[in-house]
Amino acid sequence: MSYVILDHETRSGCDLKKCGAFVYSQHPTTSLICVGYSIDSAAPKLWKPGDEAPQDLFDAIAAGAWVVAHNVLFERAIWENILTPQWGWPAVPEEQWFDTMASCARRALPLDLDGACRLLGLEVQKDDEGKRALMKICKPVKKTGEFPEDPVLYERVYEYNKVDVLAEAGLLRRLRMLTQSEMDIFRLNQRMNFRGLGLDLRFAADCQAVVDGAMGPLEARFEALVGCRAGQRDRFLEWIDERYGGFPNLTKEVVEEALEDWPLPDEVRTALELRGAITSTSIKKLEAMRNCVGADSRARGLVQYHGAATGRDAGRLLQPQNFPRGEVEMGKDENGDEIPPWEVLVPALQTRDPEFVGSLFGCPIAAVSAALRHVIVPAPGKLLVAGDFSTIEARIVLALAGQHDRLALIRKGADLYCDLASTMLGRPINKKEHKKERQAIGKPTVLGCGFGMGAPKFHKRYMKKEPFALAQSCVDTYRYDWAPEVPRLWYGLEDAAVRTVWDRKPQSYNGCTYAIEDEWLTCRMPSGRKLYYFKPRPCKKAMPWDPNDIRPGWTYVAKKAGRVQTIDAYGGLLTENVVQALARDLLYDRALVADREGFPLVLTVHDEIVSETDEARADPKVLQQIMEDAPRWAIDLGVPVGAECWAGDRYRK
DNA sequence: CGGCAATGCGCC
DNA sequence: AAACGGCGCATTGCCG
């Protein structure tokens, strides 16, 4: 198969990082510096605006060559919005585009070109000087508003471009493309990114008006009280310390505990409450929305294919995967029926009156925060149809562990949280009469204990105010009574992986097969997909409970918290990885079908599918049917799959 | 001023 | 006898 490596260099007054490739490519000041390309490993060639059209490139594409770039959404946006309309370049069929970033993602490598090449030890020259040259000419000079025209810098950028083309070619040679099933998912991801999410900009402006109206007075009150701005953490801490000791920091956890339980002086309490509203960062999404929305009110390029090593997508730009859920109560209408919060929240915010919003919901900033996801709307004449899988990770971990009794209960319609609480308390628990037991014991234990969390962490995270013994009892119940097969799964996966890394021979456990492939440890899962762990190395490690108990273990290299780190692999982690990955495979198996059968996808959120479709076809029951029609591997594994779906004219939870 | 690292916080 | 994980963005603080 023939392939073309493509790399555009551009300049613009638009901020690519803030606005994303689509808005950037449509910005009037954006233009090409050059296009570098290499056909079938030939030496890179360069096209510059004004040059004759690169006929060899067009011929290769017309003959069906793959068109490959690193972060291909950028190249596609530039091609569609500049090269075709302004320079007459022919359209590239959707199926011909490919992205070396996707190849990196599949192998759990860093997604940036430099980082991936460096970690792989690929011999491509590093061109810092070229990069600096590009940085100098890609933005207008602040004072004049003109782009620098220094020919020396341009020549330097042309060289830089060639180096990048060669680096991408190196990546492609080393990593190759994707399996067919991953290619299908990659293409669905491209479609999603091109469709984008519709934004109700008018409502976003309403929200911003409420924020603007509320924020000034809040800031003024804080500054009058404390004498510094709310963002100045260290100065505020000093101020608190003069009035009340015992604040190690100002994390949410500490502040919440202080507000609830400590006998704070009134002024400290007031200042903390004010600061909470003022420093609320989620409302910055309103600005992000303005920045990355196109002329047609849609924001594109929001979902990174396989952004996490497990295969989950990552969010970009306005990051649609972490909208606050909001803690606005359901009100009741005159018949005593619950009113969905958005039906009150949205009209209230549309008044743009912070005091009115405050009178209904307490803090106007918190109300905006809760309403952020409602800015997402379908196109006129369409509806959002969406749904999520019910407690999917808890179900997958039980299935993978072979905990058949609990799976049978789920199939009979039992509620997992009630069932666990019942096991623990030794008496029947039901959803209606024992809300508290279900919520405070059943739910955290089912969700928290599947991946090896110990009692100390469990206590700290879920029941700080309860006796430690209760936390211990939850953890013990899960491990020894409720799902004893699950700990066996942790140890089984750990043992299989350790043996594979030490002996370099494949080992399986419960349908997961670890093997050494090239520079990776792979884990082939029941879904057929493989997880990758880069540079696995044997190591010896002391057990947490006894520093003298040294056992074989292994480490791998991955990007964590933004930088490359060596990570210690242990059973709970491996289990978590496989379970998260299987949930993703289930999601995309169904998403592909939904997309094909009348529910064009616009977003996925880990266990949730969001589609946008004509009002006439917007039947959530049909989507639910698609989602619950589990693939063969999930049925064989015994995963009970359930989905809850809805249709509506605003995004919601 | 810009880049980088660390931290905090939102989601699943 | 066993340890939660997976993300990105905004902000602060530090460095050049």
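In what follows, chains are A, B, ... by sequence order, proteins preceding strands, each numbered from 1.
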Student: Both K541(A) and I567(A) contact DNA chain C. Which one's nearest nucleotide lies toward the 5' end?
Tutor: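 Its nearest nucleotide lies further toward 5', so the answer is K541(A).
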Student: Is S282(A) touching bases, backbone alone, or none of the nucleic acid, heavy atoms closer than 4.0 Å?
Tutor: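 Nothing, no heavy atom under 4.0 Å.
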Student: Taking the six-membered ring for Trp and the full ring for Phe, Tyr or His, determine whether the centres of F222(A) and F236(A) are under 6.0 Å apart.
Tutor: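 Yes, they do, as the ring centres are separated by less than 6.0 Å.
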Student: OP1 or OP2 of dC12(B) versus the side-chain N and O atoms of R325(A): is any pair under 4.0 Å?
Tutor: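 Yes, within the criterion.
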Student: Is the distance from OP1 or OP2 of dG10(B) to the nearest side-chain N or O of K252(A) less than 4.0 Å?
Tutor: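 For dG10(B), OP1/OP2 do have a side-chain N/O of K252(A) under 4.0 Å.
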Student: According to a strict under-4.0 Å criterion, is K18(A) in side-chain N/O contact with OP1 or OP2 of dA10(C)?
Tutor: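 It does not, given that no N or O in the side chain of K18(A) lies less than 4.0 Å from OP1 or OP2 of dA10(C).
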Student: Check every strand shown and say whether D388(A) touches a base, only sugar-phosphate, or nothing at a heavy-atom separation below 4.0 Å.
Tutor: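 The answer is nothing, as D388(A) stays clear of every strand by at least 4.0 Å.
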Student: Look at all strands and tell whether F458(A) reaches a base, only sugar-phosphate, or nothing, counting heavy atoms closer than 4.0 Å.
Tutor: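 It contacts nothing in the nucleic acid.
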Student: Would you say the base of dA3(C) stacks on Y570(A) (centre-to-centre below 5.5 Å, plane angle below 30°)?
Tutor: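 A stacking contact exists, since Y570(A) sits close and nearly parallel to the base ring of dA3(C).
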Student: Measuring to OP1 and OP2 of dT11(C), would you say a side-chain N or O of K284(A) lies under 4.0 angstrom away?
Tutor: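 The answer is yes; a side-chain N or O of K284(A) sits under 4.0 Å from OP1 or OP2.
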Student: Determine the contact category for D546(A): base if any of its heavy atoms lies under 4.0 Å from a base atom, sugar-phosphate if only primed atoms, P, OP1 or OP2 are that close, otherwise nothing.
Tutor: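 Contact class for D546(A): none.
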Student: Are Y556(A) and F534(A) close enough that their ring centers fall under 6.0 Å?
Tutor: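 Ring centres of F534(A) and Y556(A) not closer than 6.0 Å.
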Student: Between L250(A) and D607(A), just flag the one whose closest nucleotide in DNA chain B comes earlier from the 5' side.
Tutor: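 The 5'-side residue here is L250(A).
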Student: If you take the centroid of each ring, where Trp contributes its six-membered ring, are Y570(A) and W490(A) closer together than 6.0 Å?
Tutor: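 For W490(A) and Y570(A), the ring centres are not under 6.0 Å apart.
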Student: To the nearest Å, how far apart are Q565(A) CD and dA6(B) C1'?
Tutor: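 Interatomic distance, CD of Q565(A) to C1' of dA6(B): 12 Å.
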Student: Classify G450(A) by what it touches in the nucleic acid, base, sugar-phosphate, or nothing, heavy-atom distance under 4.0 Å.
Tutor: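 Nothing: the residue G450(A), judged by heavy atoms under 4.0 Å, touches no strand.
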Student: Across the strands shown, which category fits G315(A) at heavy-atom distances under 4.0 angstrom: base, sugar-phosphate, nothing?
Tutor: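 Sugar-phosphate, backbone atoms only, no base.
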